[in-house]
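All remarks here apply to the structure that follows.
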Amino acid sequence: EKVMHQNIWGQQQQQYGGFSPNQMQNTLNDPRAIREQQIAEVKKSYQGASHQRHTNLASPIDVIELTISAKGIQIPITLLLDESYPVSHPRILIRGRLKHRMFEDGPNGIEIQVSSFMSWSSSNNLVQALQALKSYFEKDPPQQEKIIADVDNLLSSVTEQDFKDLVTTDVSTLFQAKTTQELRDYAQAVSYQEIIASSKGYQKIAKNLLEVAAFNEKTAREIMDKVEQINQRKKRAAELVQKIDQAKQEYAYTQSKCKNVSDRFNLQEVYRAVEEEHYKLDKLSNEIDETASMGRTVNKAGNLEDMIQLYYETRKKFHYFDIIKTKLPGINPN
C-alpha cells in the first residue's frame with residue numbers, strides 16, 4: 001500500500017510539473033506564482049536567460065533577458081512582465097541594431113507587439129510566446145543594419161584564435177635556414193617588433209585593422225555627406241516655412257481687405273445706394289415735368305426739346321434702378 005501511494009504521488013508530481021494538486025491549484029490562483037513558474041521555465045529552456053525583479057518602481061516589474069535565433073540571426077530580446085501578467089501579455093523589447101517592419105519605437109526602446117505574431121490569453125505562457133515569436137521570425141526575419149553587418153563581416157575575418165596564435169608564435173620559426181652568425185647580424189640590425197611584424201599572423205591582423213580603418217573612414221565620409229544633405233534639407237524646409245508664414249500673413253491681410261470691401265458692399269449697403277439713386281431720379285424727373293408744365297425750362301435744358309430729352313433720359317435711368325430694386329432680395333434698409 002505504501003508503494004502504491006508513492007507511485008500515485010510520483011505520477012501526480014510528474015503530471016503537475018513537480019507540484020501537488022493542491023499546490024497547482026494555489027499556483028493557478030496566484031499570478032505571482034504563475035510568473036515565477038513561467039520565468040523558471042524560460043531560464044530552463046533558454047541558455048543564458050537572466051531575470052531581475054525591480055520593486056523600486058511605482059509598479060513592480062519582472063525583466064527577463066535572453067536571445068533567440070531565427071534564420072541564423074541572433075535576436076536579443078527583453079521581456080517585461082508587470083503585476084497584471086498573465087492577464088495582460090508580456091511586453092517584448094528588441095535589443096541590438098535590427099530592423100523589421102513590425103518594430104515600433106516605444107518608451108523603453110524598440111518593441112514588437114505580441115498581437116503581431118499571436119493571439120494572447122491568460123492561458124498562454126512565456127515559452128509559448130517565445131516559440132511563436134521564433135516561428136514568426138523564421139518566416140519574416142529581422143535584418144541587421146547594413147553598416148553593422150559590414151563591420152561584423154570585416155571583424156569576423158580575424159578571430160580570437162589569430163591573436164592567441166600571434167602571442168604564442170614560436171619565434172625560432174622566423175629564423176629558419178640561418179646560420180648562427182646570420183642570426184647575430186640579423187638580431188643586431190632588426191628590432192624585435194620588426195621580427196614579429198614579419199610573421200603571417202601579424203600581417204593578417206594588421207591587414208584586417210587597416211581594412212577596418214579604411215571602412216571607418218569611408219563610413220565617416222558617407223555620414224558627413226548624409227549630415228550635409230540633412231542640413232541642406234533642413235535649410236530648404238526652413239525657407240519653405242518662412243515662405244508659408246509670409247503667404248499666411250499676406251492671406252490674412254488680403255482676407256481682411258476683402259472683408260472690409262464685403263462689409264462696404266453688402267446687400268444692405270447696395271440696397272441703400274440703389275434706393276437713394278432711385279429716389280433722386282424720380283424726384284428729378286418730377287421736377288422736370290412740373291417745370292415744363294409751367295412753361296419754363298431747367299438749367300440743363302435750353303428749350304422744350306432739350307427738356308423732353310432730359311426728362312426721357314432721367315426716366316430711363318429711373319426705370320433702370322427700379323428694375324434693380326425688384327431684383328434685389330427684400331431687405332429692410334433700416
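Quick caveat, the model's predicted, so the values are computed rather than measured. When reading the values below, keep in mind they use all heavy atoms of this one structure, side chains included, and skip hydrogens, waters and symmetry mates.
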For this session: Given side-chain contact (heavy atoms from CB on, under 4.5 Å), test I61 with L81 step by step and report yes or no.
Result: CA-CA 6 Å; I61 190 170; L81 313 181; 5.6 Å; no
Exercise. NZ of K280: more than 12 outside heavy atoms within 6.0 angstrom?
Worked result: no
Exercise. More than 12 non-hydrogen atoms from neighbouring residues, nucleotides or ligands closer than 6.0 Å to CD on Q52, yes or no?
Worked result: no
Exercise. Should the ring pair W120 and Y85 be called parallel, tilted or perpendicular, given that the plane angle runs from 0 to 90° and is split at 30 and 60?
Worked result: tilted
For this session: For residues E138 and K71, determine if any side-chain heavy atom of one lies less than 4.5 Å from a side-chain heavy atom of the other.
Result: yes
Problem set entry | Electrostatic pair K226:E222 at N-O distance under 4.0 angstrom | no
Problem set entry | From CZ (R95) to CD1 (I110), nearest 0.5 Å | 13.0 Å
Problem set entry | CG-CD1 distance between D225 and I230, expressed to the nearest 0.5 angstrom | 11.0 Å
Exercise. Do Q246 and Q242 have side-chain atoms, one donor and one acceptor, less than 3.5 Å apart?
Worked result: no
Exercise. Quick one: are I92 and F117 in side-chain contact, heavy atoms under 4.5 Å?
Worked result: yes
Exercise. Just how far is it from atom CZ of F137 to atom CG of L98, taken to the nearest 0.5 Å?
Worked result: 8.0 Å
Problem set entry | Note, I75 side chain near T67 side chain (heavy atom, < 4.5 Å) | no
Exercise. What's the spacing between L133 CG and I77 CD1 if we round to 0.5 Å?
Worked result: 5.5 Å
For this session: For the pair S50 and L66, evaluate side-chain contact (heavy atoms from CB on, under 4.5 Å) and give the outcome as yes or no after the intermediate values.
Result: CA-CA 7 Å; S50 63; L66 65 145; over 6 Å; no
Exercise. At what distance, to the nearest 0.5 angstrom, does NE2 of H51 lie from NZ of K43?
Worked result: 7.5 Å
Exercise. Under a 4.5 Å cut-off applied to non-hydrogen side-chain atoms, are R221 and M224 in contact?
Worked result: no
Problem set entry | SB check R35 E83 (cutoff 4.0 Å) | yes
Seminar exercise, completed: When every non-hydrogen atom of Q38 is compared with those of N124, the smallest separation belongs to NE2-O, 3.7 Å
Exercise. Considering all heavy atoms of both residues, which atom of P107 and which atom of R91 are nearest to each other, and what is their separation?
Worked result: CG-NH2, 3.9 Å
Exercise. Just by distance, do the side chain of K134 and the backbone of S69 share a donor-acceptor pair under 3.5 Å?
Worked result: yes
Exercise. Taking the side chain as C-beta and beyond, is there a heavy-atom pair between Q143 and H100 under 4.5 Å?
Worked result: no
Seminar exercise, completed: Correct closest heavy-atom pair for G106 and E111 would be CA-OE1, 4.3 Å
For this session: Could you tell me whether the side chain of H89 reaches within less than 4.5 Å of the side chain of M118, counting heavy atoms only?
Result: no
Exercise. Between L210 and K207, is a side-chain contact (heavy atoms from CB on, under 4.5 Å) present by the stated rule, with each step listed?
Worked result: CA-CA 5 Å; L210 289 174; K207 179 184 177 183; 5.7 Å; no
Problem set entry | Closest non-hydrogen atom pair between R53 and P60, with its separation | NH2-CB, 3.4 Å
Seminar exercise, completed: From the list E228, K235, K234, side-chain hydrogen bond (donor to acceptor under 3.5 Å, both in side chains) with Q232 holds only for E228
Show the atom names and distances, to 0.1 Å, of all donor-acceptor pairs under 3.5 Å that link a side chain in residues 314-321 to residues at least two apart or in another chain.
unit_1	atom_1	unit_2	atom_2	d
T314	OG1	L310	O	2.8
R315	NH1	D282	OD1	3.2
R315	NH1	S285	OG	2.6

For this session: Measure the spacing between CD of E250 and CD of Q255 and express it to the nearest 0.5 Å.
Result: 13.5 Å
For this session: Please say whether more than 12 non-hydrogen atoms of neighbouring residues, nucleotides or ligands are located less than 6.0 Å from CD in Q47.
Result: no
Exercise. Taking the side chain as C-beta and beyond, is there a heavy-atom pair between L93 and L80 under 4.5 Å?
Worked result: yes
Problem set entry | Nearest non-hydrogen partners of V127 and S45, listed with the distance | CG2-OG, 4.1 Å
For this session: Give a yes or no on this: more than 12 heavy atoms of other residues, nucleotides or ligands lie within 6.0 Å of atom CG of N108.
Result: yes
For this session: Determine the sole option in L126, L130, D62 for which the side chain to side chain contact (heavy atoms under 4.5 Å, CB included) test with P90 is passed.
Result: L126
Exercise. Applying the 4.5 Å side-chain criterion to the ILVMFWY set and letting contacts propagate, would I223 and V212 be lumped into a single cluster?
Worked result: no
Exercise. Hey, does F103 have a side-chain heavy atom less than 4.5 Å from the side chain of K99?
Worked result: no
Problem set entry | side-chain contact (heavy atoms from CB on, under 4.5 Å) between T78 and V63, worked out | CA-CA 7 Å; T78 298; V63 179; 3.6 Å; yes
